[in-house]
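Comments concern the structure below.
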There are 2 protein chains.
Amino acid sequence: MNQVAKKKLLTAEDWQEGALNVIAHQGVSKVAIEPLAKELGVTKGSFYWHFSNREDLVKQALNRWREKDKELINEKILPVKNPKERLLAWFKLSAEPIQTHLIYSTLLADRSDNIISKILKEVTLERLSYLQDSYLQMGYDTAQAKSQSLMAYSVYVGFLHMSKTLYGSLPDSRDAEEYAQYVAKQLIP
Amino acid sequence: MNQVAKKKLLTAEDWQEGALNVIAHQGVSKVAIEPLAKELGVTKGSFYWHFSNREDLVKQALNRWREKDKELINEKILPVKNPKERLLAWFKLSAEPIQTHLIYSTLLADRSDNIISKILKEVTLERLSYLQDSYLQMGYDTAQAKSQSLMAYSVYVGFLHMSKTLYGSLPDSRDAEEYAQYVAKQLIP
DNA sequence: AAATGTCAATACGCTAGCGTATGGTAATCA
DNA sequence: TGATTACCATACGCTAGCGTATTGACATTT
């Protein structure tokens, strides 16, 4: 509840992280300044020092999310040289119950602003591109690689929602592992 | 803007339909009484005659959606006797840009109330069950049919979001057609 | 014709949340 | 040490939207 007990002063990053947590679990529309301030142990006065308004916060928070997501891929996926292994790694990662997936799935239906749509599109296209690359490197022609990566990515998106819908949250790591392996067997020849 | 120019009196169904339209395009959280009243050409006085409060409207609207969705399936999918043909019909239907899909994909990330989660789960389980039946009738064993239907349904959910997210970027109607055929080939042996 | 029922308009109070204005405090700098 | 800076608190006004209370206008029944 009060994760900044020792730290006296807040940074813009603290606010961004707080916003991302709300987005992950309740959606962008639930990002409210005063409740967030309470949670961080300060008042609005702090907020309007760091940000010009609510939209500013949302924008910065989503950009932060995009950067963190990119770093994750750069560290865990792209270094895998073998394309088949790389796809496997991606499927495994995509089934892990981490914040970036929660945020992504929440944004997918919460398109209240153009900010959201824009970032969502950019992130999706970028993710699709490295999936497609992997399939291309496995010998698919362009059209096949396009369709196949689109389908694989759809399975990922669908999985996020299904697990939320059917279990109330993302499944535990054992179930996720099992599912990832099954899907991988179907989608990686 | 004013679709009830001739009709003087509103019914509860009119309000439910209005709510469903908002849900389909903006999400449940955007369902507001006064704006909806304006759109329907009346005031709040009408609303509180037909419903006890906002939650009441949302609940009734979502139940209405579920019934309409069930009717659609009963009419267009279940009558197809051949299981392979039935799956094909379902994939075709699932790619059509009709309201029921819009609502479904919106609900998927807009889980503000328990009402939504409950209905969403019910609808999803029901849809999965007739998908699973089709695969069973095609000779899959229970575990396979379960996993396969889950994956097929994930592709459906993913497709809904992808087309929304990438609109204007990737899929023109020719690509969409190509993709649909590709997916069907992968998911229906 | 009177009474009742059905549906809607209007006026009101209430709350949550946004954004502004101003003041305060502790640290740092000149 | 006085002044400035960085950060936060407090108080205020404003709007959207919820829900209630009351009244009004037809339509139907008696």
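Values below: every heavy atom of this structure, side chains too, minus hydrogens, waters and symmetry copies. In what follows, chains carry the letters A, B, and so on, assigned in the order in which the sequence lines appear, proteins first and then strands, with residues in each chain numbered from 1.
- Going from atom CG of L9(B) over to atom C1' of dA8(C) covers 9 Å, rounded to whole Å.
- Y104(A) carries R127(A) over the face of its six-membered ring, with the cationic atom under 6.0 Å from the centre and within 45° of the normal.
- Checked against salt bridge (Lys or Arg N to Asp or Glu O under 4.0 Å), K76(A) has no partners two or more places apart in sequence or in another chain.
- Legend: residues meeting salt bridge (Lys or Arg N to Asp or Glu O under 4.0 Å) with E126(A), ordered by chain and number and at least two apart, are absent.
- DNA chain C lies under 4.0 Å from at least one heavy atom of each of the following residues of residues 45-56 of chain B: G45(B), S46(B), W49(B), H50(B).
- Qualifying side chain to side chain contact (heavy atoms under 4.5 Å, CB included) partners for S105(A), counting only residues two or more places apart in sequence or in other chains: L160(A), H161(A), K164(A).
- Heavy-atom distances to DNA chain C give each of W15(B) and E34(B) a nearest nucleotide, and the one nearer the 5′ end belongs to W15(B).
- Partners of W90(A) by side chain to side chain donor-acceptor pair (under 3.5 Å), not counting sequence neighbours: none found.
- Nucleotides of DNA chain D with any atom under 4.0 Å from a heavy atom of chain B span, from 5' to 3', dG17(D) to dT20(D).
- Considering only residues two or more places apart in sequence or on other chains, K30(A) meets the salt bridge (Lys or Arg N to Asp or Glu O under 4.0 Å) condition with none of them.
- Partners of R54(A) according to the salt bridge (Lys or Arg N to Asp or Glu O under 4.0 Å) rule, which considers only residues two or more places apart in sequence or in another chain, do not exist here.
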Atom pairs and distances, side-chain donor-acceptor, residues 78-89 of chain B, under 3.5 Å, sequence neighbours left out:
from: N82(B); atom 1: OD1; to: K84(B); atom 2: N; distance (Å): 2.9
from: N82(B); atom 1: OD1; to: E85(B); atom 2: N; distance (Å): 3.0
from: K84(B); atom 1: NZ; to: P189(B); atom 2: O; distance (Å): 3.4
from: R86(B); atom 1: NE; to: V80(B); atom 2: O; distance (Å): 2.9
from: R86(B); atom 1: NH1; to: S134(B); atom 2: OG; distance (Å): 3.0
from: R86(B); atom 1: NH2; to: K81(B); atom 2: O; distance (Å): 3.0
from: R86(B); atom 1: NH2; to: Q137(B); atom 2: OE1; distance (Å): 3.0

